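Keep in mind that what you see is a predicted model, and the values were worked out from it rather than measured. As the structure lists them, so they are numbered: ligands from 1, and atoms in each ligand from 1.
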Amino acid sequence: MADIILGIESSCDDTSAAVIRDGFLLSNVIASQDVHKAYGGVVPELASRAHEQNIVPVVSQALDRAEVKASDLTAIAFTRGPGLLGSLLVGTSFAKAMSVALNIPIVMVNHLQGHILADFIKQYGKENRHPAFPYLCLLVSGGNSQIVKVDSPLDYEILGQTIDDAVGEAFDKCSKMMGLGYPGGPVIDRLAKSGNPERFKFSKPHVPGLNYSFSGIKTSLLYFVRDEIAKDPDFMEKNKEDICAGFQKALIDILLDKLIIAAENTGIKEITIGGGVSANSGLRNRIEKEGSERGWNTYLPEFKFTTDNAAMIAVAGYYHYLNGERTPLDIAPVSRISDF
Ligand code: KG4
């Protein structure tokens with residue numbers, strides 16, 4: 001009999017449900033929440049309310065598109081954390097309610113593990129290329145910046161991580177500071193494409209080992225923009241493409257410097273990226289360029305699997321399910337998970 005897993009993701013501001021059959025994706029529905037745009041960032045209480053409104057139609061649509069009945073499901077995989085607690089509670093409670101109604105198990109998933117396994121989302125009619133173990137994943141999102149060594153679908157070692165802000169946070173906060181809107185990553189990415197990355201330079205932090213820091217570059221951009229606007233109020237408008245190109249290049253340099261050391265130290269040449277920032281065109285180009293120069297096998301997730309989605313949760317949950325893991329119904333979501 002086929003294993004049919006429903007995945008539920010509700011860790012931040014996307015309500016998503018996906019169905020996989022024996023590891024192959026049948027549907028992946030995502031309802032994004034536009035309500036936060038007016039506030040320049042995710043408002044946790046609004047996110048929880050929107051999840052509450054979206055969860056029933058999103059799950060129904062995922063089942064319909066997969067042409068699967070609820071009674072056909074084998075198990076439900078859900079994001080336990082990390083994320084916004086109110087948002088996580090909606091997905092977790094919904095998974096539990098369905099599990100009781102259908103008498104099938106739930107399997108909890110670490111959201112970050114979902115991003116790390118995004119290359120393993122198998123699709124009918126596609127090549128389904130994925131890295132061999134062990135591989136290195138540069139995990140870059142709004143909440144995390146990590147280099148993770150992945151030994152198997154369920155074994156991870158964090159080799160380095162940010163000691164302050166995440167790189168996505170740097171994109172978002174600096175975009176807000178420059179008056180460019182939210183979420184900042186896609187806006188800066190678009191503007192950077194027509195800018196000169198060499199015109200404005202931002203210094204890189206000195207952080208020991210494989211750890212990252214992004215708070216210093218954020219502050220240096222703030223002072224730079226403030227001082228230039230004091231001299232010319234139209235400075236931003238006249239130079240935004242070049243500023244974005246220089247800023248994005250600095251962030252990518254910081255990320256790549258440590259990833260290259262990690263690859264050299266471990267001797268691993270299978271390299272992937274994951275998380276929302278892995279949609280960045282500059283980062284994707286740079287990874288491919290470094291990869292061809294250094295003999296890496298690089299893997300870039302499809303754009304639709306870079307940001308939060310339930311397909312990656314269903315796949316990660318499927319591995320846990322095959323490993324015999326079942327989650328008790330008294331489990332509670334957690335906003336932070338220190339390790340995998
Ligand atoms: O993984 P994600 O959807 O949510 C979590 O943080 O878990 O990542 C969202 C982050 C935001 O910071 C957003 O600005 C960033 O991903 N992002 C990008 C791009 N698209 C989304 N950053 C840089 N370039 C992009 N094209």
Side-chain angles (χ1 to χ4, degrees), residues 9-16 28 30-34 36-37 39-42 44 47 51 79-85 87-88 91 109-118 121 137-146 148 161-162 165-178 180-195 197 212 214 217-218 244-245 247-256 272-287 300-313 316 333-337:
E9 155 63 29
S10 70
S11 63
C12 190
D13 60 340
D14 293 303
T15 318
S16 182
N28 183 38
I30 305 173
S32 299
Q33 304 176 0
D34 283 341
H36 307 287
K37 283 210 168 98
Y39 301 90
V42 177
H51 282 305
T79 305
R80 183 188 179 207
L84 300 171
L85 199 64
S87 292
L88 291 162
V109 172
N110 179 325
H111 177 80
L112 303 179
Q113 193 178 20
H115 280 304
I116 287 172
L117 293 175
I121 301 170
C137 178
L138 179 66
L139 179 58
V140 278
S141 70
N144 291 277
S145 305
Q146 298 180 328
V148 184
Q161 58 191 324
T162 181
D165 291 348
V167 63
E169 229 177 318
F171 272 109
D172 292 337
K173 287 183 180 163
C174 289
S175 172
K176 192 173 176 184
M177 197 156 74
M178 295 188 283
L180 300 176
Y182 174 86
V187 185
I188 292 178
D189 191 358
R190 181 172 49 78
L191 291 169
K193 281 183 187 146
S194 43
Y212 289 120
F214 294 100
I217 190 167
K218 192 183 66 188
C244 287
F247 176 64
Q248 179 171 293
K249 179 178 183 306
L251 293 180
I252 294 172
D253 284 347
I254 296 171
L255 290 172
L256 263 293
T272 73
I273 52 176
V277 180
S278 70
N280 186 269
S281 56
L283 177 61
R284 294 171 83 94
N285 292 340
R286 180 74 189 281
I287 292 268
L300 306 178
E302 275 184 49
F303 282 106
K304 63 182 174 195
F305 300 134
T306 56
T307 44
D308 292 346
N309 66 85
M312 65 184 195
I313 301 302
V334 282
S335 57
R336 287 177 177 276
I337 301 178

Can you check whether [X] has an N/O within less than 3.5 Å of an N/O in ligand 1?
| X | answer |
| --- | --- |
| D14 | no |
| D172 | yes |
| G168 | yes |

(request) Just do the side-chain contact (heavy atoms from CB on, under 4.5 Å) check on L251 and I217 with the steps written out, would you? (result) CA-CA 8 Å; L251 293 180; I217 190 167; 3.9 Å; yes
(message) With a 4.0 Å cut-off on N to O distance, would you call D172 and K176 a salt bridge?
(response) no
Enumerate the atoms of ligand 1 whose separation from the nearest heavy atom of [X] is less than 4.0 angstrom.
| X | answer |
| --- | --- |
| H115 | 1 (O) |
| H111 | 7 (O) |
| G143 | 6 (O) |

(message) To the nearest 0.5 Å, what is the distance between CG on L84 and SG on C12?
(response) 5.0 Å
(request) To the nearest 0.5 angstrom, please state how far the OG atom of S141 sits from the NE2 atom of H111. (result) 6.0 Å
Which heavy atom of the protein is the closest neighbour of [atom], given with residue, atom name and distance?
| atom | value |
| --- | --- |
| atom 9 (C) of ligand 1 | G142 N, 3.8 Å |
| atom 24 (N) of ligand 1 | N280 ND2, 3.0 Å |
| atom 2 (P) of ligand 1 | D308 OD1, 3.5 Å |
| atom 22 (N) of ligand 1 | G185 CA, 3.2 Å |
| atom 26 (N) of ligand 1 | D189 OD2, 2.9 Å |

(request) Determine, step by step, whether I273 and R284 satisfy the side-chain contact (heavy atoms from CB on, under 4.5 Å) criterion, reporting the C-alpha distance in whole Å, the side-chain angles of both residues, the deciding distance to 0.1 Å, and the verdict. (result) CA-CA 8 Å; I273 52 176; R284 294 171 83 94; 4.2 Å; yes
(message) By the definition side-chain contact (heavy atoms from CB on, under 4.5 Å), identify the one residue from I188, V187, D189 that meets it with L191.
(response) V187
For [X] and ligand 1, answer yes if some heavy atom of the residue is under 4.0 Å from a ligand atom, otherwise no.
| X | result |
| --- | --- |
| Q248 | no |
| C12 | no |
| R190 | no |

(message) Has N28 got a side-chain atom pairing as donor or acceptor with A311's backbone, closer than 3.5 angstrom?
(response) yes
(request) Tell me which one of G276, S175, G274 gets a heavy atom nearest to atom 8 (O) of ligand 1. (result) G276
(request) For the pair I116 and M312, evaluate side-chain contact (heavy atoms from CB on, under 4.5 Å) and give the outcome as yes or no after the intermediate values. (result) CA-CA 8 Å; I116 287 172; M312 65 184 195; over 6 Å; no
(request) Determine, stepwise, if the pair Q33 / H51 fulfils side-chain contact (heavy atoms from CB on, under 4.5 Å). (result) CA-CA 9 Å; Q33 304 176 0; H51 282 305; 3.6 Å; yes
(message) If only side-chain N and O atoms count, and only distance matters, is there a donor-acceptor pair under 3.5 Å linking S16 with N309?
(response) no
